[in-house]
Structure formats: structure tokens, C-alpha cells
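Worksheet: one structure, shown below.
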Amino acid sequence: MASLTPAHSTSPASPPLRLPWAWIGVAPFLLFAVLFLILPTAFLVVGAFRDADGHFTFGNLRELFSPTILSAYWISIKISAASALLGAIAGAFMAYSAASGGLPRWIKPTLATFSGVASNFAGVPLAFAFLATLGRQGLVTVFLNASFGLNIYAYGFNLLSFWGLTLTYLYFQMPLMILIFTPAIEGLRREWREAATILGASTWQYWRYIAGPVLMPTFLGASLLLFANAFGAIATAYALTGSSLNIVTILLYAQIRGDVLHNQNLGYAIALGMVLITALSNLAYIWLRVRAERWLK
Amino acid sequence: MKKNRLGHWIAILLGSLYFVVPLIATFEFSLRKLRGVYSFEAYRVVLADPQFQGSFTYSVVLAVITIIFGLMIIVPTAYFVELRLRSLKPVVEFITLLPLVVPAIVLVFGYVRLYNSSSILPLTASTRGTDFLLACGYVTLALPYMYRSIETGLRSIDVRTLTEAAESLGAGPLTTLRRVILPNIRSAVLSGAFLTFAIVIGEFTFASLLNRPAFGPYLQLVGANRAYEPAALAIVAFAVTWACMGIIQVISRNRTAAIK
């Protein structure tokens, strides 16, 4: 409990000086947020609407729709959406199976612990792990070739591609989904199912009209969170593919490094576009979560 | 019912397979450095590499600085917002969620442009300044997780009563925070700290673009130039993450046990 030793009483006669302690306590945080979160972002946003001479322009935003940049955004969106959706579906199934599939009790906490680790095991080491698994010399690649004569690379699989990266991202997307979705599943009351069964509902009807609609906002919201999670990621992709895969984070990385687009302000516009996309998906996530909490109290 | 359960088993087994196979593959791969025999040669080479030692130490020190700095600004904020400045709560919560909206690469882009050597606050002009900037970047990365952890801790204790008790014993706000509130949310603070450690230790984007010799860029460099050492490093990194999460589990289990 509170480990306060009785105060060495000084002079209680003089009333303590009333400093606005609460504001003094919060001030460093607010200052920090302005300096290291808000100003840097605002700087880029303003820069996106300026040309090289500092005049106002929409030119940078227009240039975002040039083929190279548009395709970078498009590949990023595709990979993020695919890994978010697949991760959400697979994660939801696993969360459901572990929470209420009638499996041994130790499975759920084990899965939760593992999900905590795996959802944080991203970045460069994750790329190494998948190279060792599904790279040209990877264990699974070699195993499939030696045991079944199945050369996945001959069939067009490539780790350094859309599907390769999606498969790799699933390694942190799926656990994240399990962590978010398990509480929602536990929020499903058994009475709802019993009531439905008494009224003659089939399993399908229960899922279609009761559990499905209750879980749907959480599911969609979590998918959006996973989307934003993958959209801003770079380390895994960079370590995996170098700069051979044209996703928007890698393009921006190259731009910061060496102004490959030969227009500083175009770089700002790319950053602005990214923030807009993640902001939209986060807003939708918050909106859906508010809806979800209506039922899951 | 029996058939149903089979489906659940399959879901769990397939999922576990997907999680475990890459780990096994990475471990197996990391043992293959010497032709024809399994050995820990790749680990020996990596661990003996002065660059590994240097970058790992650098990242550990930076993680510790990040944790201390982060706690110093987050704990008082969460405490006073909970106690006195309720109206500020939505603002503070919005700020703590911002790092999830603004991707790390965008944030560091802003840093590089805003704090370059010709700006008003030329942090990147000196090594120490850049280190400070990197630590600030890591605090923002950890902000959502650290704040949530501490806020949960504060909500599980009776902040108001504890504060009033401390004040009636003559404690000032600083003493109350340091000697009453902090000890009571110790487990929440530790959970946040270890989560931050796990996030910071292998971080790549910030460190790479600020050109600091951290563990993340070192990993990337080894990955681009070596064959078996990256696998060994991946296992090391996984072990570190696992250790952090394991410690958090133990801490939170002790907390629940203590409450009961």
C-alpha cells in the first residue's frame, strides 16, 4: 500500500504557496506533444501546399497522381488491405476457437501470450525469419521441393512480392487481431444463444442475426486498425525487398534520404497523403468502436 | 458437437503452424553456417562482432533513456488529468493516439526537416542533439502504449483518496507523486516500460533516417550482407521480445494476485 512515512511536520502555520501544480505537471507533456508530434506533422502538411519558392500551390497534390507515386500508394493499399483482411479473418477464427471452442483451458492464455510477443515481433528480424522460411534457400521452400518435388518459385511464388509481403505481414497482423477480438468474443453472452435456441433459431440464424451483427463493428474496426498498422510499416518490407518493391513507405524513405523525386515539397505531399489515409481508417475505427461498445458492456 | 470441436482444433493447429514454422526454420537456418554440421558458429560470429555489441548497447541505453523520459512526462500528466484537469482528458487522449495516426516515417521526416542544422532548434547538428531527438521520437512511438498502461494503473487505485491522505499528512504534489502514487502503480509502470523496451530495441525507421548507430540499422546492414547471421540475430531479437512480454505477464499476474 501507500508507502508514505508521516511527513516531518515543518511549520504548518504558514499556508502553503498555491502553485498551479496540475498545470505545471501537464505542461512538459503538452510542450513535448507540440514540439515532437504536432509541429513536425504540421510542417509537412504546410509544405505540401507550397512550391519550391514558398508560394501556395496545389501542384504537389496534383503530382501525387502521377503513375509512379499512384502505383506506390496502390501497392501499399493493396498489401495493407490484404494483410488486414486475411489477418482479421484468421485472427477472429483463432480467437473464437480458443475462447469458446471447447478446447483445453491452457490454450487461451498460451495463445494470448504468444500473440503479445508475435504482434511485437515486427521490423527487420521478421524479414529475416521469413527469408529463412520461404526464401529461395528457406526451410519450407527446400522441404517442399525435396519431399514433394514442388518448387514454389517455379510456380511464380516470390517472397519479394505482393503475396510474399502480405504473408509476412500476417505474422504480426493475425496476433494483433487475436488480442483485439478475444474480449469481444468473451462479451457474447451465453443467454443470447440460449434465448435464440429456445426460440428455435438454428446455429446459422444465431450467427446471422445475433452474434454476427454484435461482433461486426469490432471486426471491421479491428480490420481498419490492422490496415493502418501495415500501411505505415517499412522496416520489414525494406529488409525483405531492399528498394525493389515500390510501396509508398519505401518511396518516402528514398525521398527523405536523397530527394529521388527532385522536389522536396512533393515528398511533403506524399507524407500528407499517408497521414490522410491512416487518419481516415483510424477515424472509422473509433466510430465503429463506439458502436461496438453499445453491446459489449 | 464433436464435429464442431474438430473445426476449432484445426483452426488452432493451422494458426500455430503458421506461427511456429518460421521460428523453427529461422533457428535451423541459423545453425547452418558451417557446411554439413549444425553449429552455433553464426551466433558466435555475431556476438563477437564489436558492431553488434556497440549497436545493441546503444539501443539498450537509448531504450532506458526513452523509458525514463517517457515516464517523467506521462505519469504526472496522467495523474493530474485524472485528479484535477478532467476537462483536459479528451485532448490528452487524442494526443496519445496521434502516433497511431501519423506513421513513424512521416514523423521522422518532419523531424529531419524541422530540426536540421539550419533551423531555429538545430538538434541534428550535433551527435548528442540527434540522440536526444531519437529518444523523443521513441517516446512518441511508445506514447500510446505507455499512457494506456499508466492510465489503467491509475484507475485501479483510488487516486483522490490517496492524494487527500498524503496532503493531509503534509505532502506536496511532488512527494505525493513520487512516494504515494508511483509505488501504487508500480506494476503498470513496469509493464509500460518493458513494452517500450520491446518496441525501441530493434526500431529501424527513426534510427536509420537520423543516422544513429542503433540495433535496427545494424540488423538491416547484416541482412543485406550476410547469409546465416541474420537468422541468428532474428532469434536473438525474438528472445528479447519474448523476455519483455514474459516479464509483463509475470508482473500483471502478481498484480491480480495482490488485489485478490
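Small disclaimer: the values here were computed from a predicted structure and weren't measured. Naming convention: chains lettered A, B, ... in sequence-line order (proteins, then strands); numbering from 1 in each chain.
- Using a 4.5 Å cut-off on side-chain heavy atoms (C-beta onward), B/Leu98 and A/Ile38 make contact.
- Aromatic rings from B/Phe69 and A/Phe32 are positioned such that their centres are separated by under 6.0 Å.
- Within 6.0 Å of the CZ atom in A/Arg257, the count of heavy atoms belonging to other residues, nucleotides or ligands exceeds 12.
- Contact detail for B/Gly15 and A/Met174: the closest heavy-atom pair is CA-CE, 4.3 Å.
- Side-chain contact check for A/Tyr171 versus B/Tyr18: some heavy-atom pair is nearer than 4.5 Å.
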### Query
Between B/Phe109 and A/Phe43, does a side-chain contact (heavy atoms from CB on, under 4.5 Å) hold up when you go through it step by step?
CA-CA 10 Å; B/Phe109 191 17; A/Phe43 182 84; over 6 Å; no

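- Taking each heavy atom of B/Pro103 and A/Thr278 in turn, the nearest pair found is CD-OG1, 3.9 Å.
- Among the candidates A/Gly267, A/Gly138, A/Pro28, A/Ala127, the residue making the largest number of heavy-atom pairs closer than 4.5 Å to chain B is A/Gly267.
- At a 4.5 Å heavy-atom cutoff, B/Ser30 makes no contact with chain A through either its backbone or its side chain.
- Side chains of B/Ile24 and A/Thr133 form no contact here, defined as non-hydrogen atoms less than 4.5 Å apart.
- A donor-acceptor pair under 3.5 Å is absent between the side-chain atoms of B/Tyr111 and the main chain of A/Pro40, judged by distance alone.
- Using a 4.5 Å cut-off between heavy atoms, B/Leu143 touches chain A through its side chain atoms alone.
- Of the listed residues A/Ile286, A/Asn282, A/Leu280, the one with more heavy-atom pairs under 4.5 angstrom with chain B than any other is A/Asn282.
- Taking chain A as the reference chain and counting heavy-atom pairs below 4.5 Å, the highest number among B/Leu83, B/Leu182, B/Thr140 is found for B/Thr140.
- Considering only heavy-atom pairs separated by less than 4.5 Å from chain A, the leading option among B/Ser16, B/Ser208, B/Ala78, B/Ala227 is B/Ser208.
- Here the SG atom belonging to B/Cys136 is positioned 10.5 Å from the CG atom belonging to A/Leu37, to the nearest 0.5 angstrom.
- Of the residues considered (B/Thr96, B/Thr77, B/Ile235, B/Val81), B/Thr77 shows the highest number of contacts with chain A, using heavy-atom pairs under 4.5 Å.
- The parts of B/Leu209 that come within reach of chain A are both its backbone and its side chain, each placing non-hydrogen atoms under 4.5 angstrom from that chain.
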### Task
Could you check B/Phe29 against A/Gln137 for side-chain contact (heavy atoms from CB on, under 4.5 Å), going step by step and ending with a plain yes or no?
CA-CA 9 Å; B/Phe29 202 79; A/Gln137 294 301 317; 4.2 Å; yes

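- Put simply, the side chain of B/Pro76 does not reach to within 4.5 Å of the side chain of A/Phe29, judged on heavy atoms.
- Counting heavy atoms from C-beta outward, B/Val21 and A/Val140 have side chains that approach closer than 4.5 Å.
- With a 4.5 Å cut-off on non-hydrogen atoms, B/Leu195 touches chain A through its side chain but not through its backbone.
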#### Entry: Residues A/Met274, B/Ile105; criterion side-chain contact (heavy atoms from CB on, under 4.5 Å); working and verdict
CA-CA 10 Å; A/Met274 288 184 65; B/Ile105 186 157; 4.1 Å; yes

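- Residue A/Leu44 holds its CG atom at 8.5 Å from CG of B/Leu114, rounded to the nearest 0.5 Å.
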### Query
A/Tyr268 and B/Arg113: side-chain contact (heavy atoms from CB on, under 4.5 Å), yes or no, with the steps?
CA-CA 10 Å; A/Tyr268 303 155; B/Arg113 291 288 180 271; 3.0 Å; yes

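- Of the two parts of B/Leu88, only the side chain, counted from C-beta on, holds a non-hydrogen atom closer than 4.5 Å to a non-hydrogen atom of chain A.
- Within 6.0 Å of CZ on A/Arg193 lie more than 12 heavy atoms contributed by other residues, nucleotides or ligands.
- Within the model, atoms CE of B/Met245 and CZ of A/Phe114 stand 12.5 Å from one another, a figure rounded to the nearest 0.5 Å.
- Across A/Ala235, A/Ala239, A/Ala129, A/Ala279, the residue that shares the most heavy-atom pairs under 4.5 angstrom with chain B is A/Ala129.
- Here the OG1-CD distance, from A/Thr113 to B/Gln249, works out to 3.5 Å after rounding to the nearest 0.5 Å.
- At least one side-chain heavy atom of A/Trp21 sits under 4.5 Å from a side-chain heavy atom of B/Leu174.
- Using a 4.5 Å heavy-atom cut-off against chain A, the contacting residues of residues 196-207 of chain B are B/Ile199, B/Phe204, B/Thr205.
- Distance check, rounded to the nearest 0.5 Å: CG of A/Asn229 to CG of B/Leu100 gives 8.5 Å.
- Looking at every heavy atom in both residues, B/Ala237 comes nearest to A/Pro125 through CB-CG, 3.5 Å.
- Heavy-atom pairs under 4.5 Å with chain B were tallied for A/Ala118, A/Ala112, A/Gly232, A/Gly25; the largest tally goes to A/Gly25.
- In this structure, A/Pro175 and B/Phe19 have side chains that are in contact, with non-hydrogen atoms separated by less than 4.5 Å.
- For B/Tyr115 against A/Leu35, the heavy-atom pair with the smallest separation is OH-O, 2.6 Å.
- The candidate with the highest count of non-hydrogen atom pairs below 4.5 Å against chain B, out of A/Thr203, A/Leu167, A/Leu240, is A/Leu167.
- Using a 4.5 Å cut-off between heavy atoms, B/Glu28 contacts chain A through its side chain alone, with no backbone atom that close.
- The six-membered or imidazole ring of A/Phe128 lies away from that of B/Tyr228, with a centre-to-centre distance of 6.0 Å or more.
- Across all non-hydrogen atoms, the minimal contact from A/Ala22 to B/Arg84 is CB-CB, 3.9 Å.
- When heavy atoms are compared at a cutoff of 4.5 Å, B/Pro22 approaches chain A by way of both its backbone and its side chain.
- Residues passing the ring pair (Phe, Tyr, Trp, His ring centres under 6.0 Å) test with A/Trp207, sequence neighbours excluded: A/Tyr96.
- Between atom CG of residue A/Asn120 and atom SG of residue B/Cys244 there is a gap of 9.0 Å, rounded to the nearest 0.5 Å.
- Top candidate by heavy-atom pairs under 4.5 Å with chain B, chosen from A/Ile234, A/Leu111, A/Leu170, is A/Leu170.
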